[in-house]
A.B. asks: 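My questions all concern the structure below.
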Amino acid sequence: MWPAHVLTLVRLPLALAIALAYGRPALVVALIVAAAASDAADGNVARRLKRRGKTSPDIGGWLDPLVDKIFVAIVLAAIVWHTRDVVVVALIGARELLLVPLLAIYLAVREDRPRLQADPVGKLATIAQFVALAIAVAHPAWALWPALAAAACGLAAVAHYIVRLH
């Protein structure tokens, strides 16, 4: 499973590189595309390895979403640092702002903890978030509408998770 985990963890240095490359749109977009590619690839690699009997260590279920949240937080911090646009940042981060506390409460009060897996609604929210991040970093003046779309998709994903858990 380590190849899948490495693909997941590569998003952390990419987030730092995005923060450092802020102001160079082509480089930032390339870095975000690389991060999105690693996000798409890690699950596929993990599933392929599982089919071949390689299941250890099986930490992707919590590592991938954790790294995703850290990635988003670092890039959003860079956006706030450079633009002071807290509205765009709050919209792009709306899913994390709602989902993380709700999941923490849910997991704290539930004795049986069902395995949470990404689904098409969550994947759409992730894609919308990556696009909004790329636009917000590469061309901040155009960021509001993609941020609104990311927020709408993110809130739909949160609602969908809540419905699935009941």
Side-chain angles (χ1 to χ4, degrees), residues 1 3-12 14-15 18 29 32-51 54-80 85-137 142-166:
M1 296 303 283
H5 302 326
V6 169
L7 282 170
T8 298
L9 290 169
V10 78
R11 287 195 292 283
L12 296 178
L14 286 172
I18 291 164
V29 170
I32 290 176
V33 167
S38 81
D39 192 30
D42 62 3
N44 291 329
V45 170
R47 283 185 289 281
R48 184 172 296 136
L49 290 170
K50 281 184 181 181
R51 282 194 301 270
K54 295 178 172 60
T55 60
S56 182
D58 191 11
I59 59 173
W62 61 265
L63 182 65
D64 184 57
L66 175 65
V67 168
D68 287 346
K69 305 304 179 238
I70 295 169
F71 174 85
V72 170
I74 291 169
V75 177
L76 290 177
I79 294 168
V80 166
D85 194 343
V86 294
V87 172
V88 165
V89 167
L91 289 169
I92 295 172
R95 177 172 61 164
E96 280 71 25
L97 292 172
L98 284 176
L99 188 59
V100 170
L102 288 175
L103 278 177
I105 293 166
Y106 175 78
L107 293 173
V109 299
R110 292 281 302 244
E111 288 182 24
D112 63 323
R113 292 187 179 106
R115 183 174 167 95
L116 300 174
Q117 291 186 325
D119 62 10
V121 178
K123 289 180 189 280
L124 174 64
T126 299
I127 292 167
Q129 195 172 47
F130 271 103
V131 169
L133 286 171
I135 293 169
V137 174
W142 296 353
L144 182 59
W145 288 105
L148 284 167
C153 292
L155 295 178
V158 170
H160 190 251
Y161 279 119
I162 290 170
V163 168
R164 277 181 43 201
L165 294 173
H166 282 52

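This chain uses plain numbering: 1 for the first residue, then up along the sequence.
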A.B. asks: Check A149 against A128 and note the closest heavy-atom contact, atom names and distance.
C.D. replies: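 The pair with the smallest heavy-atom distance is O-CB, 4.4 Å.
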
A.B. asks: Report the C-alpha separation of D39 and K123 in whole Å, then their side-chain angles, then the decisive distance to 0.1 Å, and conclude whether the salt bridge (Lys or Arg N to Asp or Glu O under 4.0 Å) test is met.
C.D. replies: CA-CA 10 Å; D39 192 30; K123 289 180 189 280; over 6 Å; no

A.B. asks: With a 4.5 Å cut-off on side-chain heavy atoms, are V10 and V6 touching?
C.D. replies: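 No - every pair of side-chain heavy atoms lies 4.5 Å or more apart.
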
A.B. asks: For A143 versus V88, what's the shortest heavy-atom pair and its separation?
C.D. replies: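 Between these two residues, the closest heavy atoms are CB-CG1, 3.8 Å.
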
A.B. asks: R95 and G122: which non-hydrogen atoms are nearest, and at how many Å?
C.D. replies: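 Closest approach of R95 to G122, heavy atoms only: NH1-O, 3.3 Å.
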
A.B. asks: L98: which residues meet the side-chain contact (heavy atoms from CB on, under 4.5 Å) condition with it, sequence neighbours left out?
C.D. replies: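 Partners of L98 by the side-chain contact (heavy atoms from CB on, under 4.5 Å) criterion, ordered by chain and then number, come out as L155, V158.
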
A.B. asks: With a 4.5 Å cut-off on side-chain heavy atoms, are I18 and R11 touching?
C.D. replies: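 Side chain of R11 against side chain of I18, heavy atoms only: no contact under 4.5 Å found.
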
A.B. asks: So which heavy atom on P146 is nearest to which on I135, and how close?
C.D. replies: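 Shortest heavy-atom separation between P146 and I135 comes out as CG-CD1, 3.6 Å.
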
A.B. asks: Over all heavy atoms of both residues, which pair between A136 and I79 is shortest? Give the atoms and the distance, please.
C.D. replies: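 Shortest heavy-atom separation between A136 and I79 comes out as CB-CD1, 3.6 Å.
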
A.B. asks: Look only at the side chain of Q129 and the backbone of I92, and say whether a donor-acceptor pair between them is shorter than 3.5 Å.
C.D. replies: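 Indeed, once roles are kept as given, a pair shorter than 3.5 Å links the two residues.
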
A.B. asks: Using every non-hydrogen atom in the two residues, find where L133 and F71 come nearest and quote the distance to one decimal.
C.D. replies: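 Closest approach of L133 to F71, heavy atoms only: CD1-CE2, 4.0 Å.
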
A.B. asks: Can you list the steps and then say if V137 with V75 is a side chain to side chain contact (heavy atoms under 4.5 Å, CB included)?
C.D. replies: CA-CA 8 Å; V137 174; V75 177; 3.9 Å; yes

A.B. asks: Rounded to the nearest 0.5 Å, what separates atom OG1 in T8 from atom CG in D64?
C.D. replies: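 The CG atom of D64 is 4.5 Å from OG1 of T8, to the nearest 0.5 Å.
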
A.B. asks: How long is the gap from CD1 on I74 to CG on L12, to the nearest 0.5 Å?
C.D. replies: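 So the gap between those two atoms works out to 6.0 Å.
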
